[in-house]
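Starting from 1, each residue takes its place in the sequence as its number. Since we're looking at a predicted model, the values are computed, not measured.
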Amino acid sequence: MTVLLREAIGDRLRHARTNQRRTLREVSRTARVSLGYLSEVERGRKEASSELLAAICEALELPLSELLHHVASDIGAVQQTPDTVPDTVQSGRADHGRGKLEGGRVLPKTLSDDLSDLRLQPMLSHRLTSKIGEPPKAVAAA
C-alpha cells in the first residue's frame, strides 16, 4: 500500500489544527498562506515547500521536526506488511501506541491531543474526524 507524503503531512497538520480548535482562516493568516492553499495542503492535494511547512508549523506552534517525525512513523506503520508487523499488533493488542492492521488500514486506538495517536487511513485520509466540543467564542476584532 502506498501512502503519499503530502497526504500524511496534510493529515497531521489538520489534526494539529483541529486539536487546537483553530480555523483554517486563523492559521492561514498567522502563517501568511492563502486559505485555499492551506486547505489543499491539509487535504493532501498540494505539495508544500519546506518554507511553507515551516510557516504553517510556526503558526501551529508545532516544531517541524516533530511533524516530520510523526509523519515518518505514520507512513512506516501503514507500509508494514503482515509479515513484518509484530505479533502483538497482528493479534489486535496495541504495542507501543500503534494501532492494529485491519483491512489494509491502520486504525487508531484512540485520538487525543497527542499527535502520536494518529494513524493514517489512506482510503479515507481526507475524511479524518475527531470529536470537538463547542467552538471557542469569537472575539470581536477592534
With a cut-off of 3.5 Å and sequence neighbours excluded, list every side-chain donor-acceptor pair involving residues 31-40.
| from | atom 1 | to | atom 2 | distance (Å) |
| --- | --- | --- | --- | --- |
| Ser34 | OG | Tyr37 | N | 3.1 |
| Tyr37 | OH | Glu47 | O | 3.2 |
| Ser39 | OG | Arg43 | NE | 3.3 |
| Glu40 | OE2 | Arg43 | NH2 | 2.3 |

Within a strict 4.5 Å, meaning less than it, do heavy atoms of the Arg17 and Glu42 side chains meet?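 With C-beta onward as the side chain, the pair touches.
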With a 4.5 Å cut-off on side-chain heavy atoms, are His15 and Asn19 touching?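 Sidechains of His15 and Asn19: in contact.
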Please list every donor-acceptor pair under 3.5 Å in which a side-chain atom of residues 48-65 meets a protein atom from a residue at least two apart or in another chain.
| from | atom 1 | to | atom 2 | distance (Å) |
| --- | --- | --- | --- | --- |
| Ser49 | OG | Glu51 | OE1 | 3.4 |
| Ser49 | OG | Leu52 | N | 3.1 |

CD1 of Ile9 to CG of Leu67, rounded to nearest 0.5 Å, is 6.0 Å
Value rounded to 0.5 Å, distance of CZ in Arg29 from CG in Leu24: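 If we round to the nearest 0.5 Å, Arg29:CZ and Leu24:CG are 12.0 Å apart.
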